[in-house]
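Step one of this worksheet: look at the structure below.
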Amino acid sequence: MTSATLAGLVGAALVGLGLYGLIANPQPLRKILAFNLMGSGVFLVFGIVARKGAAAGLQADPVPQAMVITGIVVAFAASALAVALVLRLFEDTGQATLDPEAWAKPPDGGAGAE
Amino acid sequence: MTEFLLATAGVILFTVAVGLVRILGGPGDADRLMAAQLIGTGGIASLLLIAVATGAHGVEDVALGLALLAAFASAAFVNSAAPAENSDVADGR
Amino acid sequence: MSLVVDLFSIVAIGAGVFFFLAGTVGLLRFPDALSRLHALTKADNLGLGLVVLGLLPRAESPLAALKLVAIWALVQLAGASAAQLVGRAVRRKGTAA
Amino acid sequence: MSVLQALDIGLAFLVFAVAAWTIFAPGAFAATVGYVVYGLLLSLVWIRLFAVDVALTEAAIGSGVTGVLLIGAAARLRATESGAQEKSLSGASRVFAAALCALVALALAAVVLLLPDQGPSLAPQSMQHLAETGLGNPVTAVLIAYRAFDTMLEKVVLVLAVVGVWSLAADRYWGGAPGEVRAELPEPTLAFLAQILAPLGILVGIHVFWVGADAPGGAFQGGAILAAMWIIVMMARLTEAPQTNAVWLRLAIVAGPLVFLAAGVAGAIIAGGFFAYPPGFAKPAILFIEAFMVLSIALALPMLVAGPPRREPPR
């Protein structure tokens, strides 16, 4: 087995792990982490496609590499927006949960109400 | 020589892995932050060794970037956790 | 000539690996966070320094060699500052951490 | 089994173990630190795949800047962890979810294993026209020349993310500066670190951008390193975050995509195709566009990390 295939298999496993974390972890911040993990797994699968496309004197196909680079930046932008949403939810309700029942009874003090 | 470089990279990664097992579990946040520091140093060392052994070009810049950002996790922790968890700041003011 | 360079690299990098091992032993054996921090940030930095030293003769160009030295210096700075920052955070919280 | 193979397998196990820790760790903070470690390990994997440009991006953005964002959030959300009893999935649905995820992973693994050894590749095409762009790094050529439209839209995504984060501000803070008002003294160690790191980091960031034309590096990586330097300077309180209604800030953040789009339109007029560069003038044009991209990235990423405005704008 080549190192590229190995990296691809790790990528596949990471997608599975991340997907599980996204479903099973109740806290939004953990879901963001899991989602990022899943994304990087997909990037690694791209990486093996790039490595297997080594040709013309290059050690890896540049097109998938460029797509992964844009992907990393977009993933960061999405995470930043998601984190900002979670923090805003925390400021307004005093808790960071996706459970609608918890929002029904806001903690006293009403922090952040405008 | 190549094999020697790769083997040392492997040994360093192994010591990092053993260290991670010890400190990622805590007990305190300080221990966990050390994990970021540990992988910073050990990761850069094995990165350089692997790059020289496999002949990947331009890796110095990657290590340089990692070295620049090595203290960021600790800095972010100190910056965001300081007001919440201590009291001596309030009377020092 | 290349034999001398190889020997130099092997000695320096081997010594570096020893310090990485020592740092990890310290992490495992020391009883509290502050001494673990000490083991980690001193021993590993020395280890990286020796690895960099061993790789210096193999650098592709003078600029690459300069970058290697800069990498080590930056990691030293990061290690020292992080040790200070985390250590103060530990002390502020008391001995609990 | 050669030493290299053994190293690869060890690295793969390490990456997987740290990833599993991020998912199953008992606390959010522990998981977040795990994610930072994981990001750094990923750069090692990218080096093994000979994708140095990607390794550089992962090192700067994936591990560094994302680490600051997530660790800050985890530290702030700590209070919610102990208090609220989160409703977790029941045992049966956990098993079902795990089975589903295993299925997805296995399907992907099968795809990976079934890939031919010499896969389809656009490498020959990208090398063939490399000389016309005047660049030496095919990845940069893909980003700024061959697939310029993608990269331009990706810059637009960054702008939209900044707008999204800012719009989460409370009404009275709109246009104000991000970050909480804190009266406490900054950490002197942090200030010392920032004072030494920032000048060196700016040098490295510009260097990475400049060599990106011919060697691994480029606008994304250089911009991200510059962004990290602004972040550490703000963390050390050497400077305050700017007002989000400052005209220079807004202009600089949209400058990247705007200049890129203008160059694309100019290409349609001068060179006979949207995002075509006039022959012989490609490299200066590309570097010009990239310089504005660096500016936009270096300002947009710190604003994303800083979060929505939290202070009232001055009247």
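In what follows, every chain begins at residue 1, and chains take the letters A, B, ... in the order their sequences are listed.
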Quick one: do C/Phe20 and B/Val11 satisfy side-chain contact (heavy atoms from CB on, under 4.5 Å)? Show the steps, please.
CA-CA 9 Å; C/Phe20 273 102; B/Val11 174; over 6 Å; no
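For the set B/Ala36, B/Ala71, B/Ala67, B/Ser74, the count of heavy-atom pairs under 4.5 angstrom toward chain C peaks at B/Ala67. Of the residues considered (C/Leu77, C/Leu28, C/Leu68, C/Val52), C/Leu28 shows the highest number of contacts with chain B, using heavy-atom pairs under 4.5 Å. In terms of non-hydrogen atom pairs under 4.5 Å with chain B, the most contact-rich of C/Leu48, C/Val25, C/Ile10 is C/Ile10.
Counting heavy atoms from C-beta outward, C/Leu55 and B/Leu5 have side chains that approach closer than 4.5 Å. Looking at C/Leu85 and B/Phe77, their side chains never come closer than 4.5 Å, going by heavy atoms from C-beta outward.
B/Leu64 approaches C/Lys67 most closely through the heavy-atom pair CD1-O, 4.0 Å. Shortest non-hydrogen contact noted between C/Ala64 and B/Glu60 is CB-OE2, 3.8 Å. In terms of heavy-atom proximity, B/Met34 sits nearest to C/Leu27 at SD-CD2, 4.4 Å. For the pair C/Ala82 and B/Gln37, the tightest heavy-atom approach, listed with the atom from each and the gap, is CB-OE1, 3.2 Å.
From C/Leu21, atom CG reaches atom CD1 of B/Ile12 across 8.5 Å, with rounding to the nearest 0.5 Å. Atom CZ of C/Arg58 is separated from atom CG of B/Leu49 by 10.5 Å, given to the nearest 0.5 angstrom. Taken from CD1 in C/Ile13 to OG1 in B/Thr8, the straight-line distance is 5.5 Å, to the nearest 0.5 Å. Distance check, rounded to the nearest 0.5 Å: CG of B/Leu66 to CG of C/Leu74 gives 11.0 Å.
Heavy atoms closer than 4.5 Å to chain C are found in both the backbone and the side chain of B/Leu38.
The neighbour count for C/Phe18 CZ, taken as heavy atoms of other residues, nucleotides or ligands under 6.0 Å away, does not exceed 12.
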